[in-house]
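Both ligands and their constituent atoms are indexed starting at 1 by order of listing.
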Amino acid sequence: MSTTFSRAVVTGGAGFLGSHLCTELRRRDVEVFALDNFLTGDPANVAHLATDPGFHLVQRDVTDYIHVPGPVDLVLHFASPASPIDYLKLPIHTLKVGSTGTNNALGLAKAKGARFVLASTSEVYGDPLVHPQPETYWGNVNPVGPRGVYDEAKRYAEALTEAYRTTHGVDTAIVRIFNTFGPRMRPHDGRAIPTFIRQALRGEQLTVAGDGTQTRSVCFVSDLVRGILALAGSGHAGPVNIGNPWELEVVQIARDIIAETGSASTLRFIDRPVDDPQVRRPDTALASEVLGWAPEVDWADGLRRTVEWFRGIDTEETVAASAERRPE
Ligand code: NAD
């Protein structure tokens, strides 16, 4: 049975995923408070909701004490740098938002008696030794490698969420999100899909890491949002994987983007980042069983919609805007 909500808090609500969640919650007539410090997000992502009286964008750092007036029945905790380029520039902030920020968001849910959903990540599986990855797999993470700041922050956040559930009786859930793509990704966030699209649209070479045979499973953002809200309404504690199990080699992603954009760009093979996972694919049996969830948007359709969105923005202007915001 699915619960419906009336007032939700979305931390990181001006980010890529947060903005899509806010939009969908408003579509479902849920009043939304988006808390964001605009570190890697942008008010422009929710500009279409600016005049909506049921939407409130509040500039707030969730590593500080957070308060929202009145009742709240859902807290979606999505605030965190998420792309390697961001968390490698902001290692300490990433650890702080995963620890103190999660503690504050859980405290808010506890005070309000709200359902709480933690945005965790497939990165908790590290460079996985089990493939595809079921929720029962404990992962293969290097805590002192460069990606450790993100992976361990999320692993700690999961442990804290579980502790609030067992100790304080907070109604929590954990979603392990696999690579997601779609409109409003930042062209310079360093992730493969926006990087390749930006390079293809500018006629530059597409920089493929390693030989490109490493795989990624990419989920279109509307499918992810549907899965997260199904989990929120389900009462299930998780962790639950949400992601598209269809696995693609990175070099194939690059070739498909060249074809979709009609670009004359070629490929350039560059060094693989340290601890870059070789394979990544969710086992989504649990999401299917407990949420009845399965992805609906295929790669070709999702890519077409994403490229269309990128054609409508100035991919270079966004760099200048986001380069300003670098507190640690
Ligand atoms: P994003 O960078 O677009 O969004 C993160 C948002 O959090 C930004 O708006 C940023 O300004 C905000 N933020 C950061 N620190 C904050 C703080 N201290 N206080 C308030 N706001 C803060 O990233 P995204 O891709 O939308 O990711 C959102 C969440 O989903 C993150 O928690 C991320 O770890 C998780 N996730 C994303 C993916 C993906 O494929 N996009 C995959 C796995 C997990």
Handout entry: Glu24: salt bridge (Lys or Arg N to Asp or Glu O under 4.0 Å) partners, not counting sequence neighbours
Key =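 Applying salt bridge (Lys or Arg N to Asp or Glu O under 4.0 Å) to Glu24 gives Arg27, Arg28.
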Handout entry: Set of salt bridge (Lys or Arg N to Asp or Glu O under 4.0 Å) partners for Glu204, sequence neighbours left out
Key =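 Glu204 satisfies salt bridge (Lys or Arg N to Asp or Glu O under 4.0 Å) with Arg202 once adjacent residues are dropped.
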Can you list the atoms of ligand 1 that are under 4.0 Å from a heavy atom of [X]?
X	answer
Asn179	40 (O)
Gly41	8 (C), 9 (O), 10 (C), 11 (O)
Arg60	19 (N), 20 (C)
Phe38	11 (O)

Heavy atom under 4.0 Å from ligand 1: found in [X]'s side chain, backbone, both, or neither?
X	value
Lys154	side chain
His77	neither
Ser122	neither

Salt bridge [X]-[Y], side-chain N to carboxylate O under 4.0 Å:
X	Y	result
Arg7	Asp73	no
Arg272	Asp211	no
Glu152	Arg147	no
Glu260	Arg304	no

Could you name the option among [options] that has the heavy atom nearest to [atom]?
atom	options	value
atom 5 (C) of ligand 1	Ser80, Pro81, Gly182, Ala105	Ser80
atom 25 (O) of ligand 1	Arg184, Arg191, Arg216, Arg176	Arg191
atom 36 (N) of ligand 1	Tyr150, Phe178, Phe16, Phe78	Tyr150
atom 42 (C) of ligand 1	Asn37, Leu76, Ile177	Ile177
atom 44 (C) of ligand 1	Ala82, Ser120, Ala119, Gly243	Ser120

Practice task
Apply the side-chain contact (heavy atoms from CB on, under 4.5 Å) test between Leu90 and each candidate in Leu39, Ile85, Val97; give the one that qualifies.
Solution key: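 Passing option: Leu39.
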Exercise for the section: Among Leu201, Val250, Leu267, Thr261, find the residue that satisfies the side-chain contact (heavy atoms from CB on, under 4.5 Å) test when tested with Phe196. Expected result: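 Only one of Leu201, Val250, Leu267, Thr261 forms a side-chain contact (heavy atoms from CB on, under 4.5 Å) with Phe196, namely Val250.
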Should [X] be counted as touching ligand 1, given the test is an N or O pair under 3.5 Å?
X	answer
Asp36	yes
Thr63	no
Asp86	no
Thr180	yes
Leu39	yes
Gly15	yes
Leu17	yes

Look at ligand 1 and say whether [X] reaches it with a heavy atom at a distance under 4.0 Å.
X	answer
Val97	yes
Ala14	yes
His93	yes

Which protein heavy atom lies closest to [atom], and at what distance to 0.1 Å?
atom	answer
atom 6 (C) of ligand 1	Gly12 CA, 3.6 Å
atom 1 (P) of ligand 1	Thr40 OG1, 3.8 Å
atom 18 (N) of ligand 1	Asp61 OD1, 2.8 Å
atom 19 (N) of ligand 1	Val62 N, 2.9 Å

Practice task
Would you give the length of the straight line joining atom CD of Gln133 to atom CZ of Arg281, rounded to the nearest 0.5 angstrom?
Solution key: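 CZ of Arg281 is found 8.5 Å from CD of Gln133.
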Problem - Parallel, tilted or perpendicular, as decided by the 30° and 60° cut-offs, for the rings of His56 and Phe33 - result: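 Parallel, since the angle between the ring planes stays under 30°.
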Exercise for the section: Answer yes or no: are there more than 12 heavy-atom neighbours, outside Arg268 itself, under 6.0 Å from its atom CZ? Expected result: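 Check fails, neighbour count at 12 or below.
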Problem - Over 12 foreign heavy atoms within 6.0 Å of CH2, Trp138 - result: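 Open.
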Handout entry: pair Phe5-Thr3: side-chain heavy atoms closer than 4.5 Å
Key =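 They are in contact (side-chain heavy atoms under 4.5 Å apart), so the answer is yes.
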Handout entry: For Glu247, the option from Arg280, His131, Arg216 that meets side-chain hydrogen bond (donor to acceptor under 3.5 Å, both in side chains)
Key =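 Only one of Arg280, His131, Arg216 forms a side-chain hydrogen bond (donor to acceptor under 3.5 Å, both in side chains) with Glu247, namely His131.
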Problem - Validation row, ring centre Tyr164 to ring centre Phe116 under 6.0 Å - result: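 Not under 6.0 Å, so no.
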